[in-house]
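Working notes, beginning with the structure itself.
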Amino acid sequence: MKGYFSRVYQLVSSIPYGKVATYGQIAALLGDPRGARTVGWALHSNPDAGRVPCHRVVNRKGELSGGFAFGGVERQRSLLEEEGVHFLPDGRADLERDLWRPG
DNA sequence: GGACTGACACTGG
DNA sequence: ACCAGTGCCAGTC
C-alpha cells in the first residue's frame, strides 16, 4: 500500500472505541493539515472496511460521507451509537463530546 | 509525464 | 450565521 495510505489507515485504526475523528485532524496528525482531501479520498479509494474503522471518520461538521459507504449513513450512525458516540438532532456526531482528542 | 479527480477545509461576501 | 468559491495533496488514467 502507498505510504500516505498506510499512514491514514494506521491513524484511523488508532481511533479509540466510542470516538470519532475528522479528516482534517487526521491529515494534521499526518503532518499535512491541507491533506484533508487526500485522507478522505484514501478511505474512499480503499475502504478497508473491517481493517480500518472508517465509520469513525467524519468531516469537520461531524457528518458522515454521504450514504454510499458502509452501506448507508444509518448503518454508520448505528455503529457509532453502539460504540457510545452521541448524535445531535441534526444527524451529526457530537464532536464536542466524542471527538477523538489525542493528547 | 501530464491532467483530472475526490469520503475536505478555509476564506470571502 | 449561511452560501459560494478557491486551495490543497496524493492517486489514478
Side-chain angles (χ1 to χ4, degrees):
Chain A
M1 199 50 69
K2 317 311 183 198
Y4 213 98
F5 265 61
S6 185
R7 237 148 317 260
V8 174
Y9 294 143
Q10 190 170 326
L11 196 51
V12 173
S13 177
S14 189
I15 302 173
Y17 182 94
K19 288 290 178 180
V20 291
T22 70
Y23 300 95
Q25 186 162 25
I26 293 169
L29 291 171
L30 289 175
D32 288 314
R34 312 294 190 195
R37 281 206 121 224
T38 315
V39 173
W41 178 61
L43 296 175
H44 162 196
S45 185
N46 290 59
D48 287 307
R51 316 190 232 181
V52 183
C54 15
H55 62 269
R56 288 187 195 147
V57 188
V58 298
N59 62 17
R60 99 144 174 93
K61 289 177 289 192
E63 196 175 71
L64 264 298
S65 310
F68 63 93
F70 324 112
V73 188
E74 302 174 36
R75 183 77 158 115
Q76 224 338 331
R77 188 162 70 184
S78 294
L79 289 169
L80 293 174
E81 287 186 309
E82 286 292 302
E83 297 197 355
V85 177
H86 187 78
F87 273 76
L88 297 173
D90 294 329
R92 310 186 206 288
D94 194 337
L95 300 179
E96 292 299 307
R97 190 182 173 87
D98 291 300
L99 175 64
W100 180 40
R101 296 182 180 179

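Hydrogens, waters and symmetry mates play no part in the numbers below; they use all other heavy atoms, side chains included. Chain A is the first sequence line, chain B the second, and so forth, proteins listed ahead of strands; every chain is numbered from 1. The structure presented is a predicted model; accordingly, all values stated were derived computationally and were not measured.
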Euclidean distance, atom CG of residue Asn59(A) to atom C1' of dG6(B) [Å, nearest integer]: 14 Å
Atom-to-atom span, CG of Asp32(A) to C1' of dG11(C) - whole angstrom: 14 Å
Whole-Å gap separating P (dC8(B)) and CZ (Arg92(A)): 13 Å
Integer-rounded Å distance: dG11(C) C1' and His44(A) NE2: 12 Å
Nearest-Å distance for atom pair CZ/P, residues Arg34(A) and dG11(C): 19 Å
Spacing of Leu64(A) atom CG relative to dC8(B) atom C1', expressed in whole Å: 14 Å
Base paired to dA3(B) (Watson-Crick or G-U; both N/O distances under 3.5 angstrom): dT12(C)
Donor-acceptor contact below 3.5 Å, side chain Asp94(A) vs main chain Glu96(A): yes
Base partner of dA4(C), which must satisfy Watson-Crick or wobble distances under 3.5 Å: dT11(B)
Gap between atoms NZ and C1', on Lys61(A) and dA1(C) respectively (whole Å): 14 Å
Asp32(A) side-chain N/O to Ala27(A) backbone N/O, donor-acceptor pair under 3.5 Å: no
Check: Tyr9(A) side chain, Ala42(A) main-chain N or O, donor-acceptor pair, under 3.5 Å: yes
First encountered from the 5' end of DNA chain B, between Pro33(A) and Trp41(A): Trp41(A)
N-O pairing of Glu83(A) and Lys19(A) below 4.0 Å: no
Atom-to-atom span, CZ of Arg37(A) to C1' of dG6(B) - whole angstrom: 4 Å
